Structure formats: C-alpha cells, structure tokens
S.K.: 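I have a structure I would like to understand better, so I am pasting it below and will then ask my questions one at a time.
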Amino acid sequence: MDPDPVYYVDLTLNGLIFGAMYALMAIGLTLVYGLLRILHIAHAAVYAFGAFITVIVANATGSIALGIVVAIVASALLGPAIYRLLYEPLLKHPPYVAMIASMGLLIFMEDGFRILFGEQGLTFTRNPYPTEIHQLFGVTINTVQIAMIVLSVVCLTALALFTTRTRVGVAWRATVSNPTIATSFGVDAIKVRYLNFMIGSALAALAGALIALLNNFVEPSMGFVVSYKALAIIVLGGLGSMRGTLIASLALGLVESFGTILVGSYLDRDALAFLFLIIVLMVRPQGLTGARA
Amino acid sequence: MSLYTYSLLSIVGINIMLAVSLNMITGFCGQFSLGHGAFYGAGAYAAALCAVAGYPVPVALIAGAVVAGILGFVVGFASVRLREDFLAVTTIGVSFLFVGFVRKQHWLGAEMGISKIPGSGLGAEGNAVMILLFAAATIAFSLYLNRSWLGFAFRAVGDDEQAARTVAIPASSYKLLAFALGTAIAGLAGGLYTYFTQFIVPDSFGFILSVTLMAMVVIGGTGSTWGVVAATIILTLLPEVFRFINDYRLLIFGGLLVLVTRFAPGGLAGIVNSLTRRLRRA
Amino acid sequence: MTNVLQVESVSIRFGGVQALTDVNFSVGKGEIVGLIGPNGAGKTTLLRIIAGVLAPDTGRVMLDGQNVTRLPTAARIAKGLAITHQIVRPFRSMTVLENTALAAGHKITANPLTAIFHWRRAAENSRAAAILAKVGLGGMEDRAVSALPLGHLKRLEVARALAVDPSVIILDEPLAGLNHREAEQQADTLAALNAEGLTTVLIEHNLREVMRVCKRLLVLDGGRIIADGAPAEVMADKAVREAYIGKADDHAAA
C-alpha cells in the first residue's frame with residue numbers, strides 16, 4: 001500500500017466530500033422521517049430528477065449555474081407535490097404502507113428516466129470543471145470537489161444557524177423531533193411539512209447536480225444505491241436527529257473511502273455501507289448518536 | 001408443450017414459492033423484509049456448490065433450504081432487536097451485502113457466477129413438474145399455517161407485539177421462526193432455480209428481485225395466500241404475454257405499487273373481498 | 001395467607017431521576033388491592049417492572065413464591081400473571097372472540113413449535129365465549145374490534161387477561177375513560193371475579209370505585225409506598241391526604 005501520508009489525506013478528503021453529499025441527501029430524509037415517520041425512499045428519485053434537470057437546462061442554455069438553480073427550484077416543487085399527492089392520503093395507514101408506496105414511486109420514476117432519457121443517461125456538452133485541477137496544501141483537488149465542500153458547508157451551516165438562532169427555526173426543529181410540540185409553539189404543522197419537503201428536496205437536487213458535474217454524466221439508476229445509503233445513514237444517525245445524520249454521513253463517507261482500500265477485495269463499496277450499518281445497529285440498536293430506547 | 005412453456009411454468013412456480021414465503025414473514029407475522037432475494041440466492045449458491053461437488057438432487061435442495069434458513073434465523077435476530085423501520089432498512093442492507101459479498105468471492109465464481117451446474121436428470125418437463133409440486137406444497141403449507149395456532153399467534157405478533165406478550169406469546173421466538181421458515185422456503189426455491197438454469201450469477205438475487213417480490217405480496221394483498229399467488233402469476237406472466245410490457249416492467253411494477261397502496265391497500269384480495277361483500281348485500 | 005405476588009425492595013432510576021425507591025409489598029391469595037397515587041407517582045413504572053417490560057436496578061419480583069425478576073413478559077404470564085393495558089391494545093385484525101380465544105390457547109402458543117402442530121380451536125372458542133359472557137360481552141363474539149366502543153374494549157382487555165388462567169390479575173386503570181354507569185358495571189365485574197377467588201390488583205384513579213370494591217389500599221407517591229392498609233384508614237392518613245391535596249393545589253396553581 002502507498003506509504004505516502006498525502007495518500008491518506010486524499011482518502012480522508014474524498015471520504016469527507018462524499019460524506020457531505022450523503023448529508024445533503026440524508027437531511028431531507030431525516031426531516032421527513034422526524035415529522036411523519038415515513039421512510040421517504042423516493043427522495044432519491046428527487047435527487048436523480050435534480051441531476052437530470054441540471055444537465056438538460058445546462059445543455060440547452062449553456063449555463064451550468066442556471067441548470068443548478070432551475071433543478072433546485074423544480075425539485076423544491078416536486079418534493080411537496082409528492083407529499084401532497086402520495087403521502088398525505090396514506091398517513092392514516094401504518095407507516096410501512098407509505099414506505100412501499102415510496103419505493104414504488106422511486107422505481108416508477110427511475111424507470112421513467114430510463115425510458116425518457118435512455119439507458120445510457122446524459123452527459124454535459126460542456127463541463128470543464130472536473131478536469132480543472134488545483135493543488136491545495138499538497139492535495140490535488142478539482143473545481144467540482146471544491147464546490148462540493150463550499151456549498152455543503154454553506155448550506156448545512158445556514159440550516160444549522162436557522163434552526164438554532166431563529167425563533168421559527170427553533171420551533172421547526174422542535175417540531176421535527178417531536179411533532180406534537182408544533183401546536184404549543186404556535187407553528188402550523190401542515191406548513192412545516194411542506195417546508196420540510198421543500199428544503200429537503202432542494203438539498204437533494206443540489207447533491208444530484210454536484211454529483212452529475214463530478215461524474216460529468218447522469219444515469220437513470222443513479223439514485224438507487226444512494227437512496228438506500230441515505231436510509232442507512234438516517235438509521236445510523238438515530239432517525240430524526242439532524243446532528244446525528246450529519247455525523248453518520250461523514251462517518252459513512254470515511255468508512256467507504258478507507259474501507260474500499262482496506263477490504264475492497266472482499267466486499268464492494270456499496271455492500272460496505274450496509275456492513276457498517278448492520279454492525280453499528282447490532283451494537284447500538286438506537287443508532288450512532290441516538291439516545292432513545 | 002414447448003420448452004418455452006416449461007420454462008415459464010418453472011419461473012411461475014419459483015416466484016410463487018418466493019412470494020408466498022415472503023408473505024409468511026411479512027403478511028402473517030408483520031415483519032417487513034426487503035432482503036428475500038438474498039436468501040433465495042444463498043439457497044441457490046448452496047445447492048449449486050453441492051451439485052457441482054456431485055451430491056444428489058435432494059441433498060443439494062435440502063442444503064439450499066438449510067443454509068438460507070440459518071441465514072434467515074440470524075437476520076431474524078435483527079427483528080428482535082430493532083424497531084420496525086430499522087428492520088426494513090437492515091433487510092435492504094442484507095440484500096446489498098449478499099450481492100456485494102458474492103461478487104468478490106472467487107470460490108463462488110465472483111461476478112461470473114457458477115456455470116456448468118449438473119442437471120437434475122429430470123429434463124425440462126420433469127424440472128417444471130418438480131417445481132410446480134413444490135410450489136403447490138408451499139401454498140398448501142401457507143394455507144395450513146394461516147389456520148394453525150402458529151398462524152393465529154403470528155397475526156397477534158403482527159398486530160401488536162407487546163399485547164401478544166401479555167397473552168403469554170413469546171413474540172421474539174415467533175419472529176425468529178417466521179424468518180427461519182420463510183427464508184428456508186426461499187432457499188429451497190433457490191435450489192430449484194439452480195437446477196432449472198444450471199447457471200447462476202450474483203445479480204439475479206439483488207435488490208430489484210426483493211422489491212419485486214414485495215410488490216407481488218402487496219399487490220396481491222398482504223397476508224392473503226391466494227391473493228399473493230394470483231398477483232405472482234399475473235405479474236410474472238404479464239411481461240411474457242405482452243412482450244412490449246417487458247420494456248416497461250419496472251415502470252409498471254412501480255406504478256402498480258403506488259396505485260395499490262394509494263387506492264387499495266388490501267391489494268387484490270381486499271378488492272375481491274369488498275366486491276363479494278357488496279354482491280352478497282345486493 | 002400465601003403470597004401470590006411479592007415485590008421486594010424494588011428501585012429504579014431513569015437518568016437522574018429516582019423513579020421508584022425501595023418498594024415493598026405483597027398480595028395474598030384472594031385479595032383485592034387498590035394501588036393508587038397521584039400522576040407521576042411511579043404506578044406505571046411499577047407495573048412495567050412487574051410485567052417484565054423494565055428490569056429494576058435492585059430488588060425482586062416474586063410470583064407464587066418464584067423469583068421472576070429475570071423472566072421476559074410472556075414467561076411471567078405463563079406463570080400466572082395477567083395484566084391489562086390502560087390504553088386498550090386489542091389485536092386489530094381479529095374479532096372479539098378471536099382476541100379472547102387466542103389468549104385461551106396460551107398453553108399451545110407458549111412455544112411456536114407446539115403451535116405449528118395444533119389447529120383445532122373449538123375448546124378455546126367455547127372457553128372464550130364463556131369468559132366474554134362473564135365480562136358482559138356476550139353476543140359480541142363476531143364483532144370486529146375496530147367497531148367496538150371504548151367501554152367494550154376495556155372489557156375485552158379484562159376478558160383477554162382472564163383467558164390466560166391467571167393466579168393474579170393486575171388491571172391498569174380499567175375504568176379510565178368510562179362514564180359513571182360503565183365504570184360501576186366494570187367495577188362490579190371485577191368484584192365478582194374476585195369473589196370467585198381471583199387475586200386482583202387494581203391501579204386506578206377513580207377513587208370512588210376503588211373505595212367501593214377494594215378491601216385494601218396501597219398508596220404510591222414520589223416513587224415510595226407511603227401507606228398500606230384498609231381503605232378508610234389509608235384515606236384518613238395525613239401523608240396520603242397531603243400527597244393528594246398537594247397535587248390538587250398544584251393543579252389550582254397551574
């Protein structure tokens with residue numbers, strides 16, 4: 001194995017970058033689960049949707065930035081629409097019913113993308129960013145990776161400040177961790193639901209767009225594995241806790257980054273996440289940071 | 001009958017075994033499992049190894065059932081320790097873990113799988129008959145189970161575990177048994193599949209299959225043996241009869257899942273029940 | 001008098017809160033005991049420890065002279081304990097008769113490997129029907145539980161508990177949510193069952209009915225037993241009056 005310390009710095013950086021993307025994805029799931037106790041599997045379809053919109057708009061207008069903005073706005077509308085049309089009527093049933101519906105929607109949308117855009121997916125006609133290489137403190141990093149770090153730090157910090165420093169934010173966070181609190185804070189619980197789907201979907205679209213830029217292409221099934229990793233993350237994070245979700249996301253990113261090198265010959269990368277999940281759950285059934293019994 | 005018909009019948013029979021056994025875990029006992037394909041795969045690989053090593057058909061089939069059942073029993077412990085939604089995610093993990101593990105194992109043929117598996121010696125027709133007999137036995141067992149005290153107690157555990165404990169039902173043992181029974185049947189189906197195709201690859205047992213099986217259970221009506229059998233037959237044959245459907249198979253499965261959960265959570269069985277009730281009243 | 005249920009020096013802490021402190025009491029065969037106390041006194045915690053949902057930090061729970069502190073709930077029920085839930089928990093997919101018959105078959109269902117070889121239900125069905133008649137649910141056998149009013153569901157809880165052939169039954173607020181007349185009927189049923197020899201512990205807020213049917217009262221306050229004796233004496237006790245009136249003042253202030 002490469003003894004160069006930079007190599008390990010590289011692995012760590014890569015792990016954290018992927019962890020940040022997982023966090024952008026998983027925050028939305030946490031928001032939905034905390035409020036409605038639904039495992040919103042179709043969230044990954046929103047992520048793929050965001051990625052496709054980015055590519056399509058960017059190729060049509062020549063502006064990647066515009067593509068990202070349109071993707072975020074469109075996804076922020078799609079998320080609440082899914083809630084309104086699919087989940088709201090199912091709230092009276094046990095939570096697994098909504099989960100199955102959500103799984104159905106994910107399969108439906110992913111296959112829809114395949115039929116609309118083809119098995120091979122789409123590529124950007126002009127995307128110089130992944131190949132713009134920079135040297136930072138001895139590490140090699142490309143422009144998209146820098147954008148991933150900056151944007152996820154900005155978004156997650158903004159979310160953290162909003163939920164800890166503003167009155168509405170505090171009430172909102174309290175509502176997510178305990179929905180019955182909503183009324184005592186004078187918060188409109190229904191509005192909070194829409195807000196959750198909006199913010200969560202916008203973040204997922206951002207993650208989708210950035211991953212699309214990094215890989216320089218989008219494929220119909222791109223959300224599939226990510227969706228289940230995001231589920232694993234929110235379980236690891238103790239379901240419903242934003243802080244736990246963030247920690248679990250970064251931890252998973254690092255475990256994958258190092259694990260692929262260390263045990264990659266026995267297990268593939270996607271299986272690693274679930275091995276990590278299963279081991280953690282067997283030791284701590286309440287998740288990495290959860291305190292609930 | 002043509003070879004094609006035999007192969008169709010074999011696939012229908014195997015899918016019935018898989019969906020009906022998943023229904024024992026999820027429908028009867030209320031334990032959500034999205035990893036059923038992994039147990040099917042474990043059974044297929046165990047049987048394939050036995051067959052390649054020269055053991056006779058019954059030994060290979062039993063090995064498939066036992067290996068899958070033991071694996072199911074172990075995964076069942078997750079259902080004892082974890083709450084419902086954690087369990088769903090964990091079983092998804094089992095599904096990915098199985099494929100991810102097998103893909104990297106050279107002694108299991110890695111991504112190329114195991115080929116040149118000796119046949120059962122029964123021919124295509126004999127295989128189809130054997131598979132259909134096992135499928136019929138699975139249905140009969142499922143119907144019996146639902147009438148037995150085991151099924152009665154499963155329902156209680158599925159309804160309310162804590163309440164079940166207060167009528168002296170050791171809920172954890174029941175959940176473990178549900179997993180062991182259901183997954184052993186899936187393993188048996190895996191063994192039959194091995195003799196049917198004589199060639200297995202890890203990707204046949206992945207997550208898509210697990211979801212498809214769950215779709216059959218939900219669309220048929222969770223907990224209803226006949227509903228699940230009907231849904232399995234329809235969903236297996238539809239893409240074969242209407243070739244164009246095959247291209248849109250997942251789109252249709254996904255769409256059906258959404259529509260059924262949204263408008264008829266009882267599935268086919270629920271629809272038939274409410275229709276007959278309406279007819280009787282009329 | 002032999003003790004059917006014995007709680008010995010039971011204590012438990014949650015985080016920083018001492019929920020129960022050195023709780024000691026025993027219930028003799030054939031007794032009907034009321035366990036009362038203000039909200040938050042620890043009644044539910046105590047019941048959960050007796051039922052085996054929680055393990056105490058120290059102390060023991062004895063059933064018919066056997067230490068059951070380490071046994072899971074189902075095993076305790078099999079040894080003669082029965083409990084009802086404050087918030088009713090019927091098996092929603094079953095009829096009234098099925099709910100009760102399942103409990104009546106507890107010897108079969110105690111082991112899933114026994115249950116798999118049994119299918120006839122006639123004996124359990126007729127026993128269940130007899131129990132349902134006793135608690136005032138005769139004629140309701142084939143109703144789906146989703147269609148039952150709360151008063152009937154509360155009775156179904158009792159029926160299901162009786163069906164496990166208990167030597168002691170602990171009822172968690174069996175009268176809560178019932179109107180005056182329903183509560184009186186339910187309390188009469190419980191008194192009648194006790195008269196037939198069933199050892200009964202009644203956790204209840206409805207003091208009027210508790211005073212009427214119980215021959216002995218235990219008072220729990222702040223996680224301790226503060227009084228134990230005949231109802232009239234207990235209610236005259238200064239500490240008990242303070243526990244209740246203190247609470248009443250809190251309510252007035254709130």
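In what follows, every chain begins at residue 1, and chains take the letters A, B, ... in the order their sequences are listed. The structure presented is a predicted model; accordingly, all values stated were derived computationally and were not measured.
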S.K.: Using a cut-off of 6.0 Å, state whether more than 12 heavy atoms not belonging to C:I87 lie near its atom CD1.
M.R.: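 Counting other residues, nucleotides and ligands, CD1 of C:I87 stays at 12 neighbours or fewer.
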
S.K.: Apply side-chain hydrogen bond (donor to acceptor under 3.5 Å, both in side chains) to C:N125 and list each qualifying residue two or more places apart in sequence or on a separate chain.
M.R.: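 None.
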
S.K.: Going through the distances and angles, do C:H118 and B:L150 end up as a side-chain contact (heavy atoms from CB on, under 4.5 Å)?
M.R.: CA-CA 8 Å; C:H118 288 76; B:L150 184 64; over 6 Å; no

S.K.: Residue by residue, scan residues 17-41 of chain B and write down, ordered by number, those that have a heavy-atom distance under 4.5 Å to chain C; if none do, write 'none'.
M.R.: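 Within residues 17-41 of chain B, no residue comes under 4.5 Å of chain C, counting heavy atoms only.
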
S.K.: Is the Lys NZ or Arg CZ of C:R121 less than 6.0 Å from the centre of B:F152's six-membered ring, within 45° of the axis?
M.R.: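 Yes, cation above the ring, under 6.0 Å and within 45°.
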
S.K.: Do side-chain atoms of B:W149 reach the backbone of C:R120 as a donor and acceptor pair under 3.5 angstrom?
M.R.: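 Such a contact is found between B:W149 side chain and C:R120 backbone.
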
S.K.: Of the backbone (N, CA, C, O) and the side chain (C-beta and beyond), which part of C:N99 lies under 4.5 Å from a heavy atom of chain B, both, or neither?
M.R.: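 Neither part; nothing is under 4.5 Å.
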
S.K.: Going by side-chain hydrogen bond (donor to acceptor under 3.5 Å, both in side chains), name the pairs with one or both residues in residues 132-147 of chain B, residues two or more places apart or in two chains.
M.R.: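 Passing the test, one end in residues 132-147 of chain B: B:S142-B:T225.
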
S.K.: Which of residues 169-178 of chain B have a heavy atom under 4.5 Å from any heavy atom of chain C?
M.R.: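 B:I169, B:P170, B:S173, B:Y174, B:L177, listed by number.
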
S.K.: For chain B, which candidate among C:H85, C:R92, C:M94, C:E157 shows the most heavy-atom pairs at distances under 4.5 Å?
M.R.: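 Of the options given, most contacts go to C:M94.
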
S.K.: Going through the distances and angles, do C:L102 and B:R155 end up as a side-chain contact (heavy atoms from CB on, under 4.5 Å)?
M.R.: CA-CA 10 Å; C:L102 179 68; B:R155 253 165 81 202; over 6 Å; no

S.K.: Which atoms form the tightest heavy-atom contact between C:T109 and B:V167, and what is the distance?
M.R.: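 Looking at all heavy atoms of both residues, the shortest contact is OG1-O, 4.5 Å.
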
S.K.: Considering residues, nucleotides and ligands other than C:R127, do more than 12 of their heavy atoms fall under 6.0 Å from its CZ?
M.R.: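 Counting neighbours around CZ of C:R127, more than 12 heavy atoms of other residues, nucleotides or ligands fall under 6.0 Å, so yes.
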
S.K.: Where do B:D160 and C:R89 land on the salt bridge (charged side-chain N to carboxylate O under 4.0 Å, His left out) test, with the steps shown first?
M.R.: CA-CA 7 Å; B:D160 185 336; C:R89 302 179 83 156; 2.8 Å; yes

S.K.: Which pair of heavy atoms, one from B:T166 and one from C:I83, lies closest together, and at what distance?
M.R.: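 Of all heavy-atom pairs spanning B:T166 and C:I83, the closest is CG2-CD1, 3.7 Å.
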
